[in-house]
There are 2 protein chains.
Amino acid sequence: MTSVDEPARPNGRIRDAARTQAEILDVATQEFARAGYDGARVDEIAARTRTTKRMIYYYFGGKEQLFTAVLERAYGVIREAEQELDVEHLDPVAAIRRLAELTFDHHEQHPDFIRLVSIENIHDAAHIAGSEKLGKIGSPALDVIRRILATGQESGLFTADVDAVDLHAMISSFCFFRVANRHTFGALFGRDLVDPAQREHYRAMLGDMVIAYLTAERAAG
Amino acid sequence: MTSVDEPARPNGRIRDAARTQAEILDVATQEFARAGYDGARVDEIAARTRTTKRMIYYYFGGKEQLFTAVLERAYGVIREAEQELDVEHLDPVAAIRRLAELTFDHHEQHPDFIRLVSIENIHDAAHIAGSEKLGKIGSPALDVIRRILATGQESGLFTADVDAVDLHAMISSFCFFRVANRHTFGALFGRDLVDPAQREHYRAMLGDMVIAYLTAERAAG
DNA sequence: GCTCTAATGTACGAACCAGTACGTTAGCTA
DNA sequence: TAGCTAACGTACTGGTTCGTACATTAGAGC
């Protein structure tokens, strides 16, 4: 998340529309991720900003639109990260493993984003559905997977009958669950899935799983 | 969820503590799953019951305790289902596949439960942590996995370095994500992970993935 | 049939909270 | 430097929502 740093003026208002909006988005992201959509408090967001509640309504229109804006920015960050993907110089197996690992890292580094997505699912993705921006955001990662998968399948290296979207779902499910369900899983089974000491273990597990799946010998069917 | 059927008395109060409590839990489960903890309305729960809000407080104490009670019952249902597991007569590969499929089926059949778990994670599993019942609920499935895994690893059939909890996490992550993230995934990638027409595809994908992972030849390490 | 209590209903209060009416000012432009 | 507008602040409101005080009664036990 683009953090906003302060010009450190003692007191007296400063006018900076872009900064104010960014600051509201920063704080709103934290607050929504902390408490969910209905649990989040507009007053609380305002209080933790250098501006007032009035400005939230001035710039965003309302709580609902603010949440949509938060989602839009959060997905934008992902999209940017995905555009940095540089794995296609590797052989298909290494490329997929690397891609899975980068997904793993990204999910781990953005727990607030994971929470926002969980929250959005509780609301049946209504905000995504209502957002023009998010409707056509696409996914660079998906294109990368598609190309690697094609190469691997053509060469006979990958035997699995999956397309890019399915593979993306498989990778995401592992990475997402690990972060999103960390608390219930930890409370019920006494194991912290995000324990740093186990990080490499789970990272390898993901890669092994995906590669094993893609390259397994299948029974004739 | 244990549904409550009505003795169909025309009007005039009937007294039945157990039925009233069960009915409150039924409706509360739906309402919490629908809207999240903060989005859920106690008045709404009461309205959809044959009793009044007063009784919710009489029996459960408050909204927070009601949610905990809802979670306790929901996890109880899972636990019961897991106790029905009967796969240990199969060979390890078939047993694990069958177990994964049953997890798949159970998640699909209980979307409300999935939502409750997501919601509970947004609240950092605070209710589970505060519940005596849930603290020691355990998991019969875990014991089953442990035994199958041991058999498979002893025989050299399973090469993967995982324990039961990790394998449970792997299976759950796929099943959970498919249901929990259905909405955002569908909205962003245009694919409904719970489309009945694709059900067998994803069910097979899960089994293939887990078995491929467990039985893959590993590089010496 | 009397009594006693668990079970139930009604009506209300107090706090909270999203959103707004109204007033002010920084700082750009002419 | 006058004027104008985007940017901002204050104070409030109206509806909502959790929770409760108080009143009532079904029906078990004797």
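We name chains A, B, ... by the order of the sequence lines, and we start the count at 1 in each one. Because the structure is predicted, anything quoted here is derived from the model rather than measured. Both backbone and side-chain heavy atoms feed into the values below; hydrogens, waters and symmetry mates do not.
At the phosphate of D:dA7, neither OP1 nor OP2 sits under 4.0 Å from any side-chain N or O atom of A:Thr51. OP1 or OP2 of D:dC18 sits under 4.0 Å from a side-chain N or O of B:Arg41. Distances shorter than 4.0 Å separate none of the side-chain N or O atoms of A:Arg54 from OP1 or OP2 on D:dG9.
Using a cutoff of 4.0 Å between basic side-chain nitrogens and carboxylate oxygens, B:Asp112 and B:Arg34 are not scored as salt-bridged.
Whole-Å rounding puts the B:Glu23 CD to C:dT8 C1' distance at 13 Å. Taking atom CG of A:Asp16 as the reference point, atom P of D:dC8 lies 7 Å away to the nearest angstrom. In this entry the distance linking OH of B:Tyr57 with C1' of C:dG9 reads 16 Å, nearest Å. For the pair B:Gln21 CD and C:dA6 C1', the computed distance is 12 Å after rounding to whole Å. Summarising the geometry, the separation between CD1 on B:Ile56 and P on C:dT8 is reported as 12 Å, rounded to the nearest angstrom. Spacing between atom CZ of B:Phe60 and atom C1' of C:dA7 amounts to 14 Å, rounded to whole angstrom units. For the pair B:Asp38 CG and D:dT16 P, the interatomic distance rounds to 18 Å; values are reported in whole Å. The CZ atom of B:Phe32 sits 14 Å away from the P atom of D:dT17 (whole-angstrom rounding).
Among the atoms of the strands shown, only primed sugar atoms or phosphate atoms (P, OP1, OP2) are found under 4.0 Å from some heavy atom of A:Ala40.
Which of C:dT20, D:dC18, C:dT8 sits closest to the side chain of B:Met55 comes down to C:dT8. Side chain of B:Lys63, nearest nucleotide from C:dA7, D:dG19, C:dG19: D:dG19. Closest to the side chain of A:Tyr59, out of D:dT10, D:dA21, D:dA7, is D:dA7. Listed candidates were D:dA7, C:dG9, C:dA18. Nearest to the side chain of A:Tyr58 is D:dA7. Of the candidate nucleotides C:dC17, C:dT8, C:dA21, C:dC17 has the atom lying nearest to any side-chain atom of A:Asp43.
Annotation: of the two residues near DNA chain D, B:Glu44 and A:Thr20, the 5′-most nearest-nucleotide partner is A:Thr20.
Below the 3.5 angstrom threshold, one finds a donor paired with an acceptor across the side chain of B:Lys53 and the base of D:dG19.
Looking only at side-chain heavy atoms (C-beta outward), B:Leu66 and B:Tyr59 stay at 4.5 Å or farther from each other.
Within a 6.0 Å sphere centred on CD of B:Glu132, heavy atoms belonging to other residues, nucleotides or ligands number 12 at most.
The minimum heavy-atom distance linking B:Ala33 with B:Leu116 is given by the pair N-CD2, 3.9 Å.
The aromatic rings of A:Phe174 and A:Tyr202 lie tilted to each other, with the angle between the two planes from 30° to 60°.
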